[in-house]
Peer 1: 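The structure is given below, and queries will be raised subsequently.
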Amino acid sequence: MVNPVLLIAVPLGLAFMVPLIDSASRKLTRFVPVAALMFNLILCIRLIPAVLENPIVINLGGFTPPFGINLFVGPLGLLFAGLISLAGLVVSIYSLSYIKNGPVVKYHMLYMLLLTGATGVVLTGDLFNLFVFFEILCISSYALVAYHGDRAGIESSIKYLIQGTVGSGLLLIGIGFIYGIFGTLNMADIAMKIATVEQSTLFVPMILMVAGLGVESAIFPLNAWLPDAHSSAPSSISAILSGIAIEVGLYAVARIVFTVFGISDIYLFFAFLGILTLLIGEMCAFAQSNIKRMLAYSSIGQIGLILFALALATNNTVTGGLFQLVNHTISKGLLFLSAGYMIYRSGSMEISSLNGMGKRMPLTSLAFTVGAFSLVGLPPFAGFPGKFLIVSGALLKGQMVINILVGLVLLSTVIEGTYFFRVIQALYFKDGNGERKRAPATAVTAMITLMILIVALGVYPKFLADFLSSASSDLLDKMSYVGSVLK
Amino acid sequence: MHIIELIFSPLLALLIGVFFLGLARKVMARIQWRYGPPVTQPLIDIIRLLSQKSASHGVAFNIGLVMSLAGSLVITLFLPFGKIAPMSNSGGMLVILYLMLIGPLGMAISSGESANPNASIGISRKLLLAMGYELPFLLVVLALMTAYNTTSITEIVSLQRDTGWSMFTFPLVLSGIAYLLILPAMLGVRPFEVVNAPQEISSGPLVEYGGPYLALATLQHALAFFIGISLFVNLMWGGAANPVIFFLKMLVVFFLGIFVNAVFPRLRIDQAIRYLWRWPSLIAFAGLILVCVTGS
Amino acid sequence: MRSVFSLILLVVIGAGVVFTLSSIPFGSTSSDVGEYYIDSGRADTGATNIVTSVVVGYRAFDTLGEVTVLFVAAIGLGAILAAGRENEEKKKAEWEPASLVLYTGCRFLFPLILLFGAYVFIHGHLTPGGGFQGGAIIASAFLMVYLGCRKKRISKTWARNTESISGLVFVVTGLTGLAVGGHYFLSNFLPEGTLNTLFSAGIIPIIYIAIGLKVGSELTGVIDDLIEESE
Amino acid sequence: MSFLQNNIYYIGAFGLILIGLLIVLVKHNLIKVIIGLSIMDTGINLFLIAIGYLRNGTAPIFSSPEVESVLMVDPVPQALVLTAIVIGVAVLALALSLAIRLYKHFGTLDLRKIKELKW
Amino acid sequence: MTGMEILLLVAFGGVMLTYILGRISSSLRNTFAVVLSLVLVVIIALMYDKTGETIFYRGFFGIPMSFRIDALSWLFAMATSVLGCLSVIFSLSYMSDRKNISFYYSMLFLVNAGMLGVVFSGDLLSFFIFWEIMSWSTFLLISFNRGPAVAAGLKYIIMSIIGSMAMLAGTISLYTNYGTLNIADLSHLTVSASPGYQLFLLIIFGVAFGIKNAVMPLHTWLPDAYTEAPSPFSAVLSGMLTRMGIYGFLLIIYVVVGAARFLHAADSTVSSFNYVLAWLGAITIVIPTFIAMLQNDAKRLLAWHGIGQGGYMILGIAFGTNMGVAGGIFHTLNHAIYIVLLFMSVAAIQYRTGGVRDLNSLGGLIKKMPVAFIGALLGICGLIGVPLTNGFVSKWMIYKTLISGRAPFLAFAALIGSWGTILSVYKFLHNIFLGQLPEKYRDIKQSPFNMKLPIIVLSSTILLFGILPGLPLRVINKIVVSFGFDSLNISLWGIVSESGMLNTINLFAAILAGLIAVWLFFRIGARTIPVKQDDNYAAGAAVPRDRYSYTAKYYDPLFRMISPYLKDIFNTFYMKIADLTGYLSNGIRKIYTGYVGNYVMYIVLFISLMIFVQMKWSPW
């Protein structure tokens, strides 16, 4: 059985080799990320059957868990690793033709390292190791946001860096506290020992860690960097940031809150925080005129919805949350990719400049429409099953306050529908000038794969639903996690 | 016997209608201290008009007028004239209400076709006036139907035989008064004559009618007159066992209408609507509430 | 107004921290993981410097991540500076040459610092210090040369190649550990040798040398980029 | 007095962290903010070391076989600090390069003036 | 593969095929479109009087999605497919000069397929899915001809999303409470539901279907949508699509909540819901009809009438007697027929006069387009409910229920609504067809054959159903029986009910005899000379030609009295809400001030707030 650690080691090795490959032949470097991610994707798919029985625990360096670092590859971890490699692959194919000027070699290295960091965060079972991979993810996204080197890119990158550094500082203080209290860094070990310590002392470390990770996962008060970063980064990067980076941040928050701490009476607070993020994200997106900024705010909204679903902590809602997460990665990625080429053709990011794009770039506009419909949750597309599961799970809980929150979720869908349909109308039903020119082949293949995925998920959600329910049970019940790591 | 009734009741209605027109002109003249034309004058006019040539404005001009007269004729089949009520079992009060709108609609279409500005203005006045008196009239009819809990007019007539004229039975008094107040408008007599008074814009819808068209129009007017009175008598004054008494009651109502016609000046169309929608409607509305409260 | 408000916030955070710290008495924490490392550190990894055994032995995966962070930072820095550079013209600033005393002083000290740096990361598993510290010393040597004699410049490709080769060495040793050793990534497949001798503690010195070279060349590259930018 | 004495390291560490945060919150100049961030980093590193410190313990190095291990300091925080320092350096380098580029674009380092991307 | 699955497959397959064929050649696509719609009509016709349910898909989390056919769904499906077919035939020439027509046809078939899906769905999940597909494809069609249509489309899609979200909440709450979404099972399970829950269900679904059927407070999207949509589609939209709301109401009140059993129980919540719904229906009849009078745009006038007539259907359905429900359903069918006819005649005129639909600038078209005139005449007679037209029979049934159900005030609202219809609809007919023919329309030609065909077909059905109402009533009677009411005493010529009956054959005979008699009487008069249109008597003054339009401000005396009361307050209210959200969202986005110090302040604030709360009250 292939060792999952290759998921991290191989892309890392390839990243280190890129300068050598580059000195050998200039053309080849563009295809290294595609190869690495293809390898990752195939490896993930091969691992699915093994992981479904029981999670794989890898002890690095041969030392048993509390003393060495271990990788925990459960259904949840594999879901995220698979999602990262899939989205990463599609976006790397897209950026073959999208990224032409500027230090291209460095772009591909940073891109691969960002995805490796994300895979690392998702698979690791050690708290400090999570921090290190989290740092790789953050630093490479700081650099990639500033890739264009224009005024907006540099400004948003410095703001993102300052907030990110404060966040990771807080995270490190939290880890310090945890180590001080429990003397160990292994998540399963801490999870086991959590009951020995009185709950009130655990509150400050948890808040510090959640705040640290929350900065990256765009929870409400901490997500001020996201609109600037996603709107001024190159579109392929904002697709990755929106599609993967914030989801991985949310995974880390969920893992910390559910598995490591597992204090169940704080979940309601996170539900409220999720709804707050959702409403603020949707309201801000409603008032935007810049297309990428609007998509960034809608990412904040969707993250709020996923956080709300995860915070309800029943198997049904968490499955719905994960389904919505997968749908968000795919359709938001598709939206950013199609928006990328539309902006490239129309010159400006204003929605008014996208008028008449339906005629000039029919396939890209179709991709945008499919992505928008799926994100709003219209039936034949992937968004509908996700929303259906979340709402049915939430109503199953039966509490009155949860029903009100569900009402707010549905209300925000209306707002979301409004601003997405406004853009679709601009694409198809407003006349714009400019000649008809299709997006290049690689971009079109990327968009078509995503579209097929969206429709497949929308029409037949069952094959993903079983995998997701095992992933949600992996997240929720602490005992099986601790048992399988410290057996 | 049923067939004979079917054929003769419209003719009878036409006859009485024309007689009423002639009588009206005779009584008006008498009130104004002059002799006035003989009672059979409208009949003579109709025969004269039929012989004159006249301009036609196209197919709809003809069909519209024919349709309106046919509609009015059909209504007479449904209205019980004393005991004679040929078709009242195949459609009740609702059918009559709806048949009553075929007349004005046909007239409107044909005069609309004549492309004469005065005709168009005339039709809008006619429809507005209809709208005016329709509101209280519907309230009255609904009060009646709810009070007697039936939509068939012959039942209303037969029920009135034992409970007395509905004008004077307790819950329907208000409706009776309201009906009285709107009767001149329904008959198109003086205070509400603005629609086809000759002095107004060359008699409104009838401006383009000459010869046979004018004949049909006068017949239609006569029939409308007859229907208005007979409906009032049936609903409010308990109809009659035999046609003769029914005719006498109609005469009384007719004289009432003519006296009102002789005395009042002509109201402008918005004054008419404002009048119709103020007091008669309030009374009719109160009547309906009264019926609902007491009846249920 | 703003400073007063932020002061209040920080005071509240301070209070929270103090409340939590009350459960972590200073100077007497008993971390069982720490004791285990001290007792069996030498036996498991063969290194006498227990910190090195933790850094490169037990938590070698962390260090791999650590090296990648530095690698990312170096490339990020290069990307940001390069992105801005080509869209404005190249002007060569004229620097007056350094004085003779400074020039010869630097030339004399340079090899000595390099030697000291090499010593530090080669004896990482015996004496305090290790790959990162040695690399920093090497970079300081280059910095001294830059400051001392202005025109000297290391070749760009050399720095980049050592960087990637040493990174590869690290990853490859990890992978061979996976293939050869007890089927674990970064496991110590070489014999530990006798304690306190140079060639002991299995793959730890190899990794630390690779790290030392990598960190040295990376930091030099960073310094080089920054200086090139400031011209 | 004994509270101050035996917790001086914690007070020192968190003093640095809070001062670093205060600088980031209050100061407008980008360089000062970056300095604030690095102060916060050093504070965190000091805090991590303080966590692992044993009263008058020695460095965990067995330079000669007979050094007994009873008074050795916990090695794990030191490994963490090693990594934390390197991360601090990496972020610092990146921040400074961004500062250079920022000055080239905006002509100023006053963050109050660098507010083009808002709302 | 039961008939329904084949039907849905053909319908949805047709959508793709039309688009592809459209790419190849337009004539191929046109023939294919007509053939496809005819095939649909035939398939549905073959499924007459079949009931049954087949599960066709379990892929959605294992929830069985099934098709169900019974009398109700057959009737609606038949009406949808026939009207769809007629509008396709009609739009062959109407849309021939437009751009991207294949998109129009594929969307038309998508809407048609969506409606068939909605009507045949056997469980609430597939009902919702087809409902959504129908809604957003309508959105694409409404905003099809750009310009102001975009704003109308946006307003439509916002309100329809609100409706869908309400329905989604209702569907899922049913799923969570009862574990199944199958309509047949639900109707047994919901009987045991608490009155409060039943009321909640009725209100939630009532909002969703109320928006679609434009019941008074939720109607504001309809006037813009009908006027801005391409005319053949606004015919389909007004005819069948909006009446899916009625289908929904029927489904919810009589099938899911199964009200027929205990409708008139004293305390049951359903009867209070129906009572409120009836009053809403009454208001929906009166106010929109009088607003229609004020309109100067032909399609907008018809749109307001669409809302008004919707009120009759709601009134019929909400009044839970067998006659009432039958009247409501029959009126839905009749309304579909004559509103489509009216929209088609307006479209025919638009086609010839180059898109003019302003009532004040048309006139005298009867000579140039007699077929359109006949269609319009019969359409408005149906709309008014002139005896011998289908509208009359269904209105008569609704009045009968209201009066015998002792609700005179509702009957009053309905009757006054009819009179308001007469005035506004006559204005519509007069301003377009009668009166002076303007100079510029001197030489316009007849409408082409494929526009005349649907108009003739629909006009004849109006008369056919008016004279022989037994044909449709037999099917409707089956529906009423399937709801649990006792069946009506229907015969070919009308209805016998305890308080008065309707015999349309006698009525027809009487009117025919009357017509012939008067025609003969007229013929014996002197010959009449046809004369040109401007040769008419003006008391000496010359009738000015083409210089002023005497159709403007047609009912001015009445307008001055009632127009202050007829401003659409709901529309202004919703617009205010929209501005409010815009203003609020503009305020909220100011949180992100741009200054990085504030952003770090938010992080520190978040942490200190949490710590403060924890230290003070320690809720955890």
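Keep in mind that the numbers below use all heavy atoms, side chains included, and drop hydrogens, waters and symmetry copies. Reminder, nothing fancy here: chain letters follow the sequence lines and each chain counts from 1.
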Peer 1: Can you tell if the side chain of R2(C) reaches within under 4.5 Å of the side chain of N598(E), non-hydrogen atoms only?
Peer 2: yes
Peer 1: With a sphere of 6.0 Å drawn around NZ of K99(E), does it hold more than 12 non-hydrogen atoms of other residues, nucleotides or ligands?
Peer 2: no
Peer 1: For I611(E) versus I13(C), what's the shortest heavy-atom pair and its separation?
Peer 2: CD1-CA, 4.1 Å
Peer 1: To the closest 0.5 Å, what do you measure between CG (L605(E)) and CD1 (I8(C))?
Peer 2: 11.0 Å
Peer 1: Taking all non-hydrogen atoms of both residues, which atom of S608(E) and which atom of V12(C) are closest, and how far apart?
Peer 2: O-CG1, 3.5 Å
Peer 1: When you compare the side chain of M601(E) with that of L9(C), does any pair of heavy atoms fall below 4.5 Å?
Peer 2: yes
Peer 1: Does atom CZ (F570(E)) have a neighbourhood of more than 12 heavy atoms from anything else shown, all under 6.0 Å?
Peer 2: yes
